[in-house]
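Reviewing the structure listed below.
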Amino acid sequence: MLSLNLIPSSNVAFSKSWSRYPINATLVDPNLVNSFQISNQSPNFGRILGHPFGFSSRFSTRAVSGTPQESSPDGEIEVSKPNKNLKLAIVFGLWYFQNIVFNIYNKKALNVFPYPWLLASFQLFCGSVWMFILWSLKLQPCPKIDKSFIIALLGPALFHTIGHISACVSFSKVAVSFTHVIKSAEPVFSVVFSSFLGDSYPLKVWLSILPIVFGCSLAAITEVSFNFEGLWGAMISNVGFVLRNIYSKKSLQSFKEVNGLNMYGWISIISLLYLFPVAIFVEGSQWVAGYHKAIATVGNPSTFYLWVMLSGLFYHLYNQSSYEALDDISPLTFSVGNTMKRVVVIIATVLVFRNPVRPLNALGSAIAIFGTFLYSQATAKKPKIEGSEKKN
């Protein structure tokens, strides 16, 4: 889902790579993370370590290692290797685990309560409440906002809303694995839309999206749970997240002092204000009957409540952990990790829900995900070039 790929623990500067690296994750993923360049100058925000709650901590890898940080040729921060490897293992482990938990319990809830508009609204509500808790307890510095900041967020939040609700609709109609395969085609939309807006790409980038298109097509025509609502939901989600990335690049350049986690928090809040009134209009009349049917199906009300709570909480946490992952690694390493995360989620949900997978469907999924990996390789060096141009 608006996998949003922002960076929570350092100042950020928007770069031209925004439209090529999704916010997601579907936010990521995300996916807003890769749309930012890390700025090491005069940080104004507390560093947030790679744990699931986003608390600022004094014990960063810099403090633990006792050695200065240096940039490696691929853009990663060099710290004491054992400490860095341990932290990255924890962050990636949390990121993958939280994503798996979200996808499993989101699907469990939708299976018995097939009202994605309400569930998507609740997930944004959980993220909004979480951010208010962090701000009120001063565990995360609250950004100073004004009218211009809110206006600048209206467009990105709208496209984030479209991406999120469309993905949730897709999850309610088809297998989780199929939705993730189709969402792996997000780079295709990014390249096409950005090209229409004047960006140019080398031949290797265009070649890298061919296996994505072929793999997604093969997976779609061989999917056991296929239906058009699920397919179009995933496709529209890709469009929403890509347009959010592109629009954010244009509208949020003046707010570089707002860190990634805070930006994502405010986008979640505004998205909730967009989505919930529409959710009431679209399916509100069915919620009471649907609730009683869900309780009767599950048998235990607390079990149903737990599924819904876990889907809402872990939706926010896995997006937050994706920001943590990029904090100490290069965009290329993050993209590879994001690709592998999608593989892990697909395998985990197939095992949990025992979805039948045909050989050609598995082949198509593998080709599409491999194409996503090739795309991340083909676009990896562009942000570094732009970053060096900025310094000059």
Atom [atom1] of [X] with >12 non-hydrogen neighbours under 6.0 angstrom:
| X | atom1 | answer |
| --- | --- | --- |
| Phe226 | CZ | yes |
| Trp206 | CH2 | yes |
| Phe125 | CZ | no |

Looking at side-chain heavy atoms only, is the closest gap between [X] and [Y] below 4.5 Å?
| X | Y | answer |
| --- | --- | --- |
| Leu317 | Phe102 | no |
| His316 | Met131 | yes |
| Tyr201 | Ser194 | yes |
| Leu275 | Gln123 | no |
| Met235 | Phe189 | yes |
| Gln140 | Leu261 | yes |
| Ser190 | Tyr375 | yes |
| Ile369 | Ile346 | yes |

Keeping [X] on the side-chain end and [Y] on the backbone end, is there a donor-acceptor pair under 3.5 Å?
| X | Y | result |
| --- | --- | --- |
| Ser172 | Val169 | yes |
| Asn99 | Trp95 | no |
| Ser225 | Ala175 | yes |

From [X] [atom1] over to [Y] [atom2], what is the distance, rounded to the nearest 0.5 angstrom?
| X | Y | atom1 | atom2 | result |
| --- | --- | --- | --- | --- |
| Phe370 | Ser208 | CZ | OG | 10.5 Å |
| Leu110 | Ser311 | CG | OG | 7.5 Å |
| Leu197 | Leu243 | CG | CG | 8.5 Å |
| Asn111 | Thr297 | CG | OG1 | 10.5 Å |
| Ser268 | Tyr315 | OG | OH | 6.0 Å |
| Phe314 | Ile100 | CZ | CD1 | 11.0 Å |

Spell out, yes or no, whether [X] and [Y] are grouped together once hydrophobic residues are joined by side-chain heavy atoms under 4.5 Å, including indirect joins.
| X | Y | value |
| --- | --- | --- |
| Val278 | Leu154 | yes |
| Val343 | Val345 | no |
| Ile133 | Phe122 | yes |
| Leu158 | Ile151 | no |
| Leu134 | Leu137 | yes |

List the atom of [X], the atom of [Y], and the distance in Å for their closest heavy-atom pair.
| X | Y | answer |
| --- | --- | --- |
| Val174 | Gly230 | CG1-CA, 3.8 Å |
| Phe171 | Lys107 | O-NZ, 2.6 Å |
| Leu118 | Glu283 | N-OE2, 2.7 Å |
| Ser365 | Val181 | OG-CG2, 3.2 Å |
| Ile212 | Gly371 | CG1-C, 3.4 Å |
| Pro156 | Ser248 | CB-OG, 3.1 Å |

Stepwise side chain to side chain contact (heavy atoms under 4.5 Å, CB included) check, Phe92 with Lys341: CA-CA 9 Å; Phe92 270 77; Lys341 178 214 71 180; over 6 Å; no

Would a line drawn from the ring center of [X] to the ring center of [Y] be shorter than 6.0 Å?
| X | Y | answer |
| --- | --- | --- |
| Trp307 | Phe304 | no |
| Phe276 | Tyr274 | no |
| Trp117 | Trp287 | no |

For the residue pair Tyr291 and Tyr305, categorise the inter-ring angle as parallel (less than 30°), tilted (30 to 60°) or perpendicular (more than 60°).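 Ring orientation of Tyr291 relative to Tyr305: parallel.
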
If the plane angle is over 60° it's perpendicular, under 30° parallel, otherwise tilted; pick one for His164 and His160.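 Ring orientation of His164 relative to His160: parallel.
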
Can a donor-acceptor pair be found between the side chains of Ser271 and Thr161 at a distance below 3.5 Å?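 Yes - a donor-acceptor pair under 3.5 Å links their side chains.
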
Apply side chain to side chain contact (heavy atoms under 4.5 Å, CB included) to the pair Val308 and Phe113, showing each step before the final yes or no. CA-CA 10 Å; Val308 173; Phe113 187 76; over 6 Å; no

Quick one: do Thr349 and His180 satisfy side chain to side chain contact (heavy atoms under 4.5 Å, CB included)? Show the steps, please. CA-CA 10 Å; Thr349 54; His180 276 281; 5.9 Å; no

Applying side-chain contact (heavy atoms from CB on, under 4.5 Å) between Cys216 and each of Val188, Ile182, Ile367, report the one that passes.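 Only one option passes, and that is Ile182.
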
Go through the steps for Asn262 and Trp135 under the test side chain to side chain contact (heavy atoms under 4.5 Å, CB included), then give the verdict. CA-CA 9 Å; Asn262 283 335; Trp135 290 331; 2.7 Å; yes

